[in-house]
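All remarks here apply to the structure that follows.
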There are 2 protein chains.
Amino acid sequence: MVTKDFVSAQEVAEKAGVSRSAVSRAFTPGASVSAETRRRVMDAAEALGYHVNHLARGLMTNESGIVCLIVSELGTPFRSSLIQALTQQLQNCGKIAMLVNTDRSDGSVDRALRQAIHYRADASIILSGLPDKSITQLCLKNGQRLVLINRDDDQPGPLRINLDDQEAAGRILTAFLRAGCRQLAFANSEAGTPSLMARERGFVAAAAALGMEVAVERHGSTGYEAGKVVAQRLLTRKERPDAIFCANDLLACGVMDAARHQFKMSVPDQLCVAGFDDVEQASWSSYDLTTFAQPVAMVAREAVAFLAAPAGTVDAGEVRTLKLHAELVWRGSIRGG
Amino acid sequence: MVTKDFVSAQEVAEKAGVSRSAVSRAFTPGASVSAETRRRVMDAAEALGYHVNHLARGLMTNESGIVCLIVSELGTPFRSSLIQALTQQLQNCGKIAMLVNTDRSDGSVDRALRQAIHYRADASIILSGLPDKSITQLCLKNGQRLVLINRDDDQPGPLRINLDDQEAAGRILTAFLRAGCRQLAFANSEAGTPSLMARERGFVAAAAALGMEVAVERHGSTGYEAGKVVAQRLLTRKERPDAIFCANDLLACGVMDAARHQFKMSVPDQLCVAGFDDVEQASWSSYDLTTFAQPVAMVAREAVAFLAAPAGTVDAGEVRTLKLHAELVWRGSIRGG
DNA sequence: TCCGCCTTTGCAAGCGTGTGCAAAGCGTGC
DNA sequence: GCACGCTTTGCACACGCTTGCAAAGGCGGA
């Protein structure tokens with residue numbers, strides 16, 4: 001069987017007895033076509049199984065409709081829920097998501113952005129890593145919009161959506177103190193992601209302002225296993241902590257499991273724990289974790305609104321930052337409340 | 001600032017002092033270009049920030065390099081890990097993933113496949129829902145490859161990758177019996193997904209073969225909360241089950257939490273539980289769930305190998321099914337072992 | 001020196017679209 | 001009947017690329 005090519009507008013035009021431009025106009029909202037012509041075109045298209053070639057259309061209009069999502073460790077709960085929200089929002093705006101995986105290696109994000117350029121993506125959303133300045137400049141010069149989510153960067157042009165991590169870290173401290181905790185600790189990974197580090201700094205700084213010390217431990221990548229290791233280190237210290245703020249929920253789950261099963265400690269009676277992100281697992285009753293909810297839906301909405309804004313609305317050169325508030329979700333891993 | 005257009009091969013050609021076709025050939029592996037010309041082209045391209053326009057290239061070569069991933073509830077652990085593996089494999093083959101979200105509504109998958117056609121995707125991988133026959137025929141006729149993962153369908157053409165759910169269900173039964181369980185139950189959702197139903201049927205049938213009954217409960221969507229509800233129903237029955245096989249791990253986590261925290265039962269002493277998928281959370285020590293591991297890496301590898309196979313290798317009309325074995329991961333939620 | 005072969009290069013056609021421009025069709029008011 | 005304005009349509013070009021084809025150039029053998 002010969003794999004016949006896709007149906008083209010030409011064939012539809014012939015079947016409908018009109019010119020090829022009529023077909024094009026029939027599929028362009030707001031174009032000048034009579035109702036009668038449009039109907040005949042649509043009928044012919046339906047019969048032939050015609051679908052507008054978005055590649056060719058993008059070639060003409062300079063708008064591919066593609067938005068590139070650049071992300072690492074997609075399997076992670078928080079990341080995947082964000083991706084889910086973003087793709088959904090993009091589809092609502094008639095755009096489509098292209099997914100590029102990155103790893104921690106050098107230049108990985110740059111390569112990803114190059115893919116975005118290859119496919120003439122209208123925009124890119126970066127959820128992991130930080131691209132080289134020269135690459136982002138290239139993207140911007142070519143009219144690509146850029147959104148950085150929870151990234152530290154101060155170049156003008158891209159939209160930055162950040163959480164107020166530091167402020168949140170300060171709030172959790174008062175919650176710990178109100179619960180009567182005296183020995184503070186912070187559990188982190190070695191990833192060094194800007195948001196993770198901001199949470200650490202915010203917590204340590206807020207404690208220092210009250211003249212308190214924080215035991216900080218970092219280990220491995222930002223996941224459950226690392227949480228277990230960190231907890232083991234923290235809970236065997238001479239001064240055993242009675243409150244651990246974790247850089248994210250997965251670490252917190254690991255910390256809680258180590259504390260309970262390995263050290264036979266009771267949470268929250270002997271140890272208070274808090275996390276960050278409010279992933280689904282935080283609400284599971286085995287953890288019932290007090291944590292900060294990232295406004296995922298709002299992040300997605302704002303990001304896509306920026307990307308889909310008509311040309312001229314946004315001008316490069318402007319430094320645009322959106323600082324969002326993380327809401328404290330109070331559950332049972334801290335006493336009182 | 002005028003948003004200058006992307007650099008074209010024409011401009012590179014002028015700067016390098018060669019023809020436009022020379023530029024094209026320089027970027028086409030295996031084309032006939034002298035080393036000297038290629039070098040000059042590459043230098044000019046680098047200086048100008050030129051990137052081949054894959055949209056235009058796809059228009060010519062009839063290979064866009066795009067593979068469409070069609071999936072619902074992407075936020076789910078199993079789904080996201082599969083997506084992660086697939087995009088990674090695709091990138092390794094020089095292809096790129098396009099992500100389309102679907103919901104449970106009618107025609108949602110069909111619309112997704114239409115997107116795949118619009119962008120002239122080389123192939124589509126369907127992880128959720130089942131497309132209408134006419135649409136899949138359209139895809140195949142246009143030379144698109146199709147992969148269905150854990151879907152029930154018997155049309156010739158697409159590659160089907162399925163788990164041997166029924167066989168696995170039978171194996172878990174013997175594990176329950178060896179642990180001394182007598183009151184069997186199955187926890188399911190109302191999603192009615194083929195794999196979920198196959199697991200249910202397999203378990204019930206295997207029990208029936210031994211003259212045993214299975215209490216089946218289904219509720220809501222396939223997640224943690226549904227697991228809790230189902231457990232509540234099962235554990236308040238006159239004949240309280242002492243073994244629950246759950247259609248997937250999320251349900252199992254909900255079941256375990258309800259059993260322990262709500263009914264104060266001990267797992268595995270009073271109740272044995274098993275799940276399916278081996279998501280990360282199953283290994284967390286709060287659950288320590290015995291479950292079946294889906295060979296995610298192998299699924300991704302096989303799917304992409306099929307998609308990337310050179311034309312002529314695969315012929316339509318053939319019914320191609322890959323039945324994979326689910327490995328039992330033995331942990332602490334079943335006695336003995 | 002001439003011929004034939006092989007490598008390299010440029011020309012031009014074509015992929016499937018959108019769209020400006022001009023022509024055509026048509027209805028209206030005088 | 002005619003001039004005028006509005007809607008609709010077709011023509012043709014452009015978008016950025018690949019590739020078949022033929023011409024050009026280099027080189028060795030007779």
Side-chain angles (χ1 to χ4, degrees), chain A residues 3-42 44-45 48-66 94 117-122 142-143 311, chain B residues 3-42 44-45 48-66 117-122 142-143:
Chain A
T3 47
K4 200 185 145 305
D5 249 7
F6 287 85
V7 180
S8 76
Q10 181 63 49
E11 308 177 45
V12 177
E14 284 163 15
K15 185 173 180 90
V18 297
S19 79
R20 202 184 48 74
S21 10
V23 177
S24 182
R25 284 191 248 265
F27 281 95
T28 307
S32 168
V33 213
S34 73
E36 164 66 9
T37 310
R38 161 166 277 139
R39 197 188 52 72
R40 289 174 58 190
V41 168
M42 288 307 186
L48 264 50
Y50 169 73
H51 290 82
V52 178
N53 186 335
H54 278 31
L55 270 50
R57 169 180 281 182
L59 201 53
M60 278 301 302
T61 61
N62 242 340
E63 280 195 31
S64 61
I66 297 174
I117 297 182
H118 276 308
Y119 282 96
R120 299 299 189 260
D122 297 338
N142 292 332
Chain B
T3 47
K4 199 187 147 303
D5 249 5
F6 286 85
V7 180
S8 76
Q10 180 64 51
E11 308 177 44
V12 177
E14 284 164 12
K15 184 173 180 89
V18 297
S19 79
R20 203 166 43 83
S21 12
V23 177
S24 181
R25 283 191 248 263
F27 281 96
T28 307
S32 167
V33 213
S34 72
E36 165 67 8
T37 309
R38 161 165 277 138
R39 197 188 52 71
R40 289 174 58 190
V41 168
M42 288 309 185
L48 265 51
Y50 170 73
H51 290 81
V52 179
N53 186 335
H54 278 31
L55 270 50
R57 169 179 280 183
L59 203 53
M60 278 302 302
T61 61
N62 242 343
E63 279 195 32
S64 60
I66 297 173
I117 298 182
H118 277 307
Y119 282 95
R120 299 302 189 257
D122 296 338
N142 292 332

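Below, chains carry the letters A, B, ... as their sequence lines are ordered, and counting in each starts from 1.
- If you measure from atom NE2 of B:His51 to atom P of D:dC15, you get 21 Å, rounded to the nearest angstrom.
- Rounded to an integer number of Å, the gap from NE2 of A:His54 to C1' of D:dC15 is 17 Å.
- When all heavy atoms are compared, the tightest approach of B:Ala16 to B:Ala44 is CB-CB, 3.9 Å.
- By the side chain to side chain donor-acceptor pair (under 3.5 Å) test, A:Glu14 is found to be paired with A:Gln10, residues two or more places apart in sequence or in another chain being considered.
- Looking at heavy-atom distances under 4.0 Å, B:Val23 makes no contact with the nucleic acid at all.
- B:Phe27 comes within 4.0 angstrom of no nucleic acid atom, judged by non-hydrogen atoms across all strands.
- Rounded to the nearest 0.5 angstrom, A:Leu55 CG and B:Asn62 CG are separated by 10.0 Å.
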Footprint string (nucleotides 21-28 of chain C, 5' to 3'): B base within contact, S backbone only, - free, heavy atoms under 4.0 Å: --------
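- Distance CZ (B:Arg39) to C1' (C:dT8): 16 Å, rounded to an integer number of Å.
- The distance between atom CD of B:Gln10 and atom P of C:dC11, rounded to the nearest whole Å, is 10 Å.
- For the contact set between residues 13-22 of chain B and DNA chain D, defined by any heavy atom under 4.0 Å, the members are B:Arg20, B:Ser21.
- Distance, A:Arg40 CZ to D:dT9 P: 9 Å, rounded to whole Å.
- To the nearest angstrom, C1' of C:dT17 lies 11 Å from CG of A:Leu55.
- Within the structure, every pair that satisfies the salt bridge (charged side-chain N to carboxylate O under 4.0 Å, His left out) test and touches residues 27-36 of chain A, not counting sequence neighbours, is listed here: A:Glu36-A:Arg39.
- Contact between the side-chain N/O atoms of B:Tyr119 and the OP1/OP2 oxygens of C:dG16 is not found at any separation under 4.0 Å.
- Qualifying ring-ring contact (aromatic ring centres under 6.0 Å, His included) partners for A:His54, counting only residues two or more places apart in sequence or in other chains: B:His118, B:Tyr119.
- Between the two ends of the helix from C:dT1-D:dA30 to C:dC30-D:dG1, each summarised by a five-pair axis, the helix axis turns through 50° (rounded to 10 degrees).
- Legend: residues meeting side chain to side chain donor-acceptor pair (under 3.5 Å) with B:Thr37, ordered by chain and number and at least two apart, are B:Ser34.
- Proximity of A:Ser24 to the phosphate of C:dG16: no side-chain N or O atom is located under 4.0 Å from OP1 or OP2.
- Closest heavy-atom contact between B:Arg120 and A:Val7: NH2-O, 3.9 Å.
- One atom, CZ of A:Arg38, and another, P of D:dT9, lie 11 Å apart when rounded to the nearest Å.
- Put simply, B:Ser32 has no side-chain N or O that comes within less than 4.0 Å of OP1 or OP2 on C:dT7.
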Identify each donor-acceptor pair in which a side-chain atom of residues 21-29 of chain B lies under 3.5 Å from a protein atom, sequence neighbours left out, and give them as a table.
unit_1, atom_1, unit_2, atom_2, d
B:Ser21, OG, B:Ser19, OG, 3.2
B:Thr28, OG1, B:Ser24, O, 2.8

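- Distance, A:Asn142 CG to D:dG16 P: 11 Å, rounded to whole Å.
- Contacts between residues 56-64 of chain B and DNA chain C, defined by a heavy-atom separation below 4.0 Å, involve B:Leu59, B:Met60, listed by number.
- For B:Thr37, taking side-chain heavy atoms from C-beta onward, the closest of the listed nucleotides D:dG16, D:dT9, C:dT9 is C:dT9.
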